[in-house]
**Student:** 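What follows is a single structure, and I will ask about it in a moment.
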2 protein chains.
Amino acid sequence: MRIGELAERTGTPRRMLRYYEEQGLLVPDRSPNGYREYCERSVDRVLQIRGLLDSGLPTRVIKQILPCLKQPRSIHVAGATLETITTLERERERMTQRIECLIRSRDAISDYLEAVRGARRPAGAGGPERPAAADYDLAVSA
Amino acid sequence: MRIGELAERTGTPRRMLRYYEEQGLLVPDRSPNGYREYCERSVDRVLQIRGLLDSGLPTRVIKQILPCLKQPRSIHVAGATLETITTLERERERMTQRIECLIRSRDAISDYLEAVRGARRPAGAGGPERPAAADYDLAVSA
DNA sequence: CTTGACCTTCACACAGATGTGATGGTTGGA
DNA sequence: TCCAACCATCACATCTGTGTGAAGGTCAAG
């Protein structure tokens with residue numbers, strides 16, 4: 001498939017697909033006319049890239065992680081440099097920290113939303129607009 | 001405590017603490033001489049901010065999330081605008097996606113590392129250096 | 001009083017991810 | 001044949017989070 005289709009199927013601007021390639025995250029073939037030609041697996045790959053970027057990982061790190069996610073059932077153990085392994089271990093640790101931070105915050109948001117819903121009496125249900133902001137504290141038995 | 005101590009205790013450059021304040025994430029008191037004065041809870045708050053920033057959230061979003069994490073046992077239900085609630089729900093969803101993406105990738109890294117360790121025979125244990133990179137595939141029964 | 005270690009504000013610089021547009025080649029259908 | 005819809009490269013701009021440093025105020029200790 002060409003860049004346009006991949007862009008559409010992944011919801012990614014063409015610009016970004018070229019950028020990821022420039023960063024070495026994507027290596028499409030080229031048609032005789034110079035057009036980029038992507039394989040089917042590129043779709044998941046791009047989705048992975050975007051997810052990791054959105055989770056705060058820089059392309060440089062994603063580039064090192066991607067080989068671990070290659071295709072299912074086949075793990076590419078290439079150039080397993082001591083240094084690469086160390087990097088992966090370090091990044092895995094950082095990812096764990098991120099996960100913990102995100103889970104903590106997400107749960108806190110959930111608690112908050114639940115508390116707000118509890119506090120929202122359907123009393124003033126008549127008006128869908130409540131312009132002035134309420135400002136009070138809720139004691140919660142954690 | 002003043003900015004220097006907070007910086008040291010959180011491992012954060014002073015520059016960043018001022019920046020977070022500029023973005024409305026931190027609101028320290030001011031001493032009569034103009035120095036910023038932080039309370040004890042600022043330490044955790046800064047750590048939270050940094051963790052979320054590192055997880056890909058922009059300050060604009062963190063600003064909306066922070067009130068949910070305020071102090072333990074007391075949830076501040078302030079200005080619970082319909083719009084704020086909607087935003088929080090949306091961001092919570094995105095955080096969940098990030099978490100899933102990170103977990104998937106982290107697990108893949110773990111599998112990879114395990115496979116590499118398995119492949120690393122202590123056979124050539126004599127030489128601590130193995131300059132040339134091995135390049136092969138491992139079939140793994142997922 | 002002076003020195004050094006703090007603090008203030010301000011401003012410019014940078015890197016990374018992304019937006020936008022100019023300029024031009026390829027290709028397939030009206 | 002010519003137009004529309006793709007594609008290519010290149011260059012510049014933007015936004016965010018950071019780094020760095022200048023110019024100057026505060027304060028405690030020598």
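So that the names make sense, note that chain A is the first sequence line, chain B the second, and so on, each numbered from 1. Side chains included, hydrogens not; waters and symmetry mates left out as well; all remaining heavy atoms used.
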**Student:** Return the residues of residues 2-19 of chain B meeting this criterion: a heavy atom under 4.0 Å from some atom of DNA chain D. Order them by number, or give none.
**Tutor:**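 Under 4.0 Å from DNA chain D: B/Pro13, B/Arg15, B/Met16, B/Tyr19.
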**Student:** Does the A/Arg98 side chain pair with the main chain of B/Leu102, one donor and one acceptor, at a distance under 3.5 Å?
**Tutor:** no
**Student:** Could you pull out all donor-acceptor pairs under 3.5 Å where a side-chain atom in residues 21-29 of chain A meets a protein atom, sequence neighbours excluded?
**Tutor:**
residue : atom : partner : partner atom : Å
A/Glu21 : OE1  : A/Arg36 : NE           : 2.5
A/Glu21 : OE2  : A/Arg30 : NH2          : 3.3

**Student:** Angle, rounded to 10°, between the helical axes spanning five pairs at each terminus of the helix from C/dC1-D/dG30 to C/dA30-D/dT1?
**Tutor:**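 Helix axis angle between the two ends: 10°.
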**Student:** Could you tell me which residues satisfy salt bridge (charged side-chain N to carboxylate O under 4.0 Å, His left out) with A/Asp107, sequence neighbours excluded, listed by chain and number?
**Tutor:**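 With neighbours one apart ignored, the set is empty.
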**Student:** Near B/Glu8 CD, under 6.0 Å, is it more than 12 heavy atoms from other residues, nucleotides or ligands?
**Tutor:**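 Not buried by this count: 12 neighbours or fewer within 6.0 Å.
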**Student:** With a strict under 4.0 Å distance from non-hydrogen atoms of chain A, what nucleotide opens and what nucleotide closes the contacted stretch of DNA chain C, reading 5' to 3'?
**Tutor:**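 Reading along DNA chain C, I get C/dG16 to C/dT27.
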**Student:** Compute whether any side-chain donor of one residue and acceptor of the other, for B/Tyr20 and B/Arg50, lie under 3.5 angstrom apart.
**Tutor:** yes
**Student:** Rounded to whole angstrom units, what separation is found between the CD1 atom of B/Ile49 and the C1' atom of D/dT18?
**Tutor:**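 Those two atoms, CD1 and C1', are 15 Å apart.
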**Student:** Distance-only, no hydrogens or angles: does the B/Ser42 side chain make a donor-acceptor pair with backbone N or O of B/Tyr38 under 3.5 Å?
**Tutor:** no
**Student:** Quick one: A/Glu21 CD to D/dA8 C1', roughly how many Å, whole number?
**Tutor:**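 The answer, rounded to whole Å, is 11 Å.
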**Student:** State whether B/Arg9 and B/Glu40 are salt-bridged, where the test is any N-O pair (Lys NZ or Arg NE/NH1/NH2 against Asp/Glu carboxylate O) under 4.0 Å.
**Tutor:** yes
**Student:** Does some side-chain heavy atom of B/Arg14 sit less than 4.5 Å from a side-chain heavy atom of B/Leu6?
**Tutor:** no
**Student:** Between the side chains of B/Glu100 and B/Arg104, is the shortest nitrogen-to-carboxylate-oxygen separation below 4.0 Å, so that they form an ion pair?
**Tutor:** no
**Student:** Side chains of A/Asp111 and B/Cys68: does their closest heavy-atom pair fall under 4.5 Å?
**Tutor:** no
**Student:** Of the residues in residues 28-39 of chain A, which ones touch DNA chain D at a heavy-atom distance under 4.0 Å?
**Tutor:**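 Heavy-atom contacts with DNA chain D come from A/Arg30, A/Gly34, A/Tyr35, A/Arg36.
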**Student:** Please check if the side chain of B/Glu37 supplies one atom and the backbone of B/Met1 the other of a donor-acceptor pair under 3.5 Å.
**Tutor:**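 Flag set: sc B/Glu37 to bb B/Met1 pair under 3.5 Å.
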**Student:** So, B/Thr12 side chain and B/Thr10 main chain: donor-acceptor pair closer than 3.5 Å or not?
**Tutor:** yes
**Student:** How about B/Gln97 and A/Asp54: do any of their side-chain heavy atoms sit closer than 4.5 Å?
**Tutor:** no
